[in-house]
Amino acid sequence: MLKVLGPCVHPNKLAVYSQKVFHIPPFNLQTHQQNRTYKHMDSFKWLLNKAYVNGKWISAENGETFEVTNPATGEVLGSVPDMNGSDTESAIKTAYVAFQSWKERTAKERSELMLRWTNLCNAHKEDLAKLITMENGKPLKDSMAELSYGVGFLELYAEEAKRVYGDIIPTNAKSRRLLVLKQPIGVCGMITPWNFPHAMITRKAAAAIAAGCSVVIKPAEDTPLSALALCQLAEEAGLPAGVLNVVTVSRDNAPDVGRTLCESPLVQHISFTGSSAVGKCLLSQSASTVKKTAMELGGNAPFLVFESADLEAAVKGVIACKFRCSGQTCVSANRIYVQEGIYDKFVARLAEEMDNELRTGDGLQPGTTQGPLINQRAVQKIDSFVQDAIQQGARLVRGGSKGQGNFYYPTLLSEVTSQMMCAREEIFGPIAGVLRFKTEDEAVIMANDTQWGLAGYLFSRDLSQIWRVTERLEAGIVGVNEGVVPCPEVPLGGWKESGLGREGGRYGIEEFLELKYVCMGGL
């Protein structure tokens, strides 16, 4: 028997499933605002209101600021400097000066300092998680998971700093010795996204700083506060002035600041996580100075469920992969392909699991599993995808409508086809669109029929099939019978238009090192 739909479906509306109609209890945003647990916000020490450059808390040269709001409530959390290209150029020069001395520090010195930074982040984990939820909207449980993930990069690269090894190459002449040195690349410009405002900074900056580089970071305009909190803790850990710099920038000034980072001759590396369109723009701007780049760009991840799969494990895998952070992750399942023999059963079980597991609300409220989308632009985009699918014949099984403010209710669509926008474009929201396939070959062809290649997933208990499909998927990340696969120890990055380079694991620090061949003669 089907259960009454929970708050994953729009309030005060009727949801239709299997010819049955259920009334939906309302979700009251105003009540959530009145009951919120952050009324003491004025005394919350992590609401920092200055940018951080050269070890100092500074304003923009022109005095301009912009507001940071809570996407769940619309409440203004505070204001930060709205810095421009000129401010950024000053930060770059500061980072260049700091690099000259930081690169001379021993690996052990850098490692010990970064371990202190790690310990401070762990000591303040609950407050930092609350800050993420306040400016990003994700449930507090997800924010705590992000903190563990993000601090893991600090710890990992504190250790990897001592493992940057060169090579001695067998010589071709008795009088010569051939060596390869690895040296820090220099000043690194970093542009980070709002969906993981802590972990995307530590994944990039920790590797660069451990390698001996200095960094200038432009965090997303929606979530600058987590970046500033990391600066505060780095300062307390003893990181020298100028090694870590954060320029806070509004959406209007972002193109100017991005161009300044890309075109500056003092910046030797650009690291970016975000859309493929913006990544291509940054690559173009970086070409004039031939910068090394690391780009984690858009995704359109296929999630393949074969008839040989454990159905219950696959359903739980979709819940974890698709609805984590309300679907706002670049490795989220975007196209769910289910083999025709289990298709109807899978859709029914996924609908039941959504009813049981997903609860929409303010991320600081107990029990919430689905926070808001980041802003109204995201809401409008998601709704347009749903309406497009319905108009083209998809069946709305769950959700499919807006909540109050920035909320969109978790949505399940069946009978989705490859022509629909939700299958062609990166969704970045809580839409689970389920497509059919007949054969393994058909599934792989459909999965690879995209310009993106960041992540892919498959569920099967056939070991031969697992190996065949894993090797054929055109993606930099593959999850086998797992819906959540990132961790600090592994290399993350994409194929095709999903990016360049790798971040994470021992491979990540290599992005910030240059090779130098040394030939010693006359021996």
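Nothing fancy with the numbering, it's 1 onward along the sequence. The shown structure was predicted, so the numbers you read here are calculated from the model rather than taken from an experiment.
In this structure, W46 and H124 have perpendicular ring planes: the angle between them is above 60°, well past the 30° mark. Ring orientation note: the planes of H269 and F512 are tilted relative to one another, at an angle of 30° to 60°.
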Exercise. What's the verdict on side-chain contact (heavy atoms from CB on, under 4.5 Å) for F66 and V80, showing C-alpha distance, side-chain angles and the deciding distance?
Worked result: CA-CA 6 Å; F66 66 98; V80 294; 3.4 Å; yes
Exercise. Between T368 and R359, is a side-chain contact (heavy atoms from CB on, under 4.5 Å) present by the stated rule, with each step listed?
Worked result: CA-CA 5 Å; T368 295; R359 294 293 178 268; 5.7 Å; no
Problem set entry | Residues E221, T248; criterion side-chain contact (heavy atoms from CB on, under 4.5 Å); working and verdict | CA-CA 7 Å; E221 66 272 13; T248 53; over 6 Å; no
Problem set entry | Steps toward side-chain contact (heavy atoms from CB on, under 4.5 Å) verdict (V68, V76) | CA-CA 6 Å; V68 182; V76 175; over 6 Å; no
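From K93, atom NZ reaches atom CG of N54 across 13.5 Å, with rounding to the nearest 0.5 Å. Atom CG of L492 sits about 5.0 Å away from atom CZ of R203, to the nearest 0.5 Å. For the atom pair CE of M83 and CD of E89, the computed distance is 12.5 Å after rounding to the nearest 0.5 Å. Within the model, atoms CG of L113 and CZ of R105 stand 7.0 Å from one another, a figure rounded to the nearest 0.5 Å. Once rounded to the nearest 0.5 Å, the distance linking CG of L233 with SG of C121 reads 5.0 Å. Note that CD1 of I191 is 6.0 Å distant from CD1 of I270, once rounded to the nearest 0.5 Å.
A salt bridge links E146 with K138: at least one charged nitrogen is closer than 4.0 Å to a carboxylate oxygen. Using a 4.0 Å cut-off between charged nitrogen and carboxylate oxygen, R506 and E160 do not count as a salt-bridge pair. Salt-bridge check for K316 with E482: failed, with every basic side-chain N at 4.0 Å or more from each acidic carboxylate O.
Under the 4.5 Å side-chain criterion, counting only non-hydrogen atoms from C-beta, T273 is not in contact with T192. Contact annotation: the side chain of L454 approaches that of V331 to within less than 4.5 Å [non-hydrogen atoms, C-beta and beyond]. Taking the side chain as every heavy atom from C-beta outward, T329 and F323 never approach each other to under 4.5 Å. At a threshold of 4.5 Å between non-hydrogen side-chain atoms, the residues T450 and R335 count as touching. For the pair V247/I217, no side-chain contact is recorded, criterion being any heavy-atom separation below 4.5 Å from C-beta on. Counting only heavy atoms from C-beta outward, the side chains of L48 and W57 approach each other to under 4.5 Å. Taking the side chain as every heavy atom from C-beta outward, N136 and L131 never approach each other to under 4.5 Å. N375 has its side chain within reach of D222: a pair of non-hydrogen atoms, C-beta onward, lies under 4.5 Å apart.
Side-chain contact, T260 with T88: no donor N or O sits under 3.5 Å from an acceptor N or O. Side-chain contact check for S276 and E497: no donor-acceptor pair (N or O, by modelled atom type) lies under 3.5 Å. For the residue pair Y408/D383, the side-chain donor-acceptor check at 3.5 Å is satisfied. Side-chain contact annotation: E425 with N300, donor-acceptor N/O pair under 3.5 Å absent. Between the side chains of S59 and K50, at least one donor-acceptor pair of N or O atoms lies under 3.5 Å. Between the side chains of D82 and S250, a donor-acceptor pair is found at a separation under 3.5 Å. Checking E135 against S226 by side-chain atom types alone, a donor-acceptor pair falls below 3.5 Å. A donor-acceptor contact under 3.5 angstrom links the side chains of S271 and K204, judged on distance only. Under 3.5 Å, the side chains of Y52 and E235 contain a donor-acceptor pair of N or O atoms.
Sorted pairs that involve residues 81-109 and meet ring pair (Phe, Tyr, Trp, His ring centres under 6.0 Å), not counting sequence neighbours, are lacking altogether.
Of all non-hydrogen atoms in A455 and A475, the two that sit nearest each other are C-CB, 3.8 Å. Closest non-hydrogen pair, L373 versus G429, comes out as CD2-CA, 4.4 Å. Residues S148 and K125 approach most closely at OG-NZ, 3.4 Å, considering heavy atoms. Considering every non-hydrogen atom in both Q268 and G186, the closest pair reads CG-CA, 4.5 Å. The shortest non-hydrogen separation linking S79 to N49 is O-CB, 3.2 Å. Looking at every heavy atom in both residues, Q451 comes nearest to K496 through O-CB, 3.2 Å.
For S498 (side chain) and G298 (main-chain N/O), a donor-acceptor pair under 3.5 Å exists by modelled atom type. Looking at E296, its side chain never comes within 3.5 Å of a backbone N or O of G499 through a donor-acceptor pair. Checking side-chain atoms of Y157 against main-chain N and O of G505 turns up a donor-acceptor pair under 3.5 Å. In this structure, the side chain of T69 does not engage the main chain of P71 through any donor-acceptor pair within 3.5 Å. Between the S101 side chain and the A98 main chain, a donor and an acceptor come within less than 3.5 Å of each other. Using a distance-only test at 3.5 Å, with no hydrogens or angles considered, no donor-acceptor pair links the side chain of Q365 to the main chain of D362. Looking only at distances, no side-chain donor or acceptor of S332 sits under 3.5 Å from a matching main-chain atom of Q328. Distance alone, capped at 3.5 Å, is enough to place a donor-acceptor pair between the N245 side chain and the V215 backbone. No side-chain donor-acceptor contact under 3.5 Å links S264 to the backbone of L261. A donor-acceptor pair under 3.5 Å is formed between the side chain of R110 and the backbone N or O of A210.
For F428 and W194, the gap between ring centers is short of 6.0 Å.
Residue Q376 qualifies as enclosed at atom CD: its count of foreign heavy atoms under 6.0 Å is above 12.
The only member of C188, P265, S286 that meets side chain to side chain contact (heavy atoms under 4.5 Å, CB included) when paired with K291 is S286.
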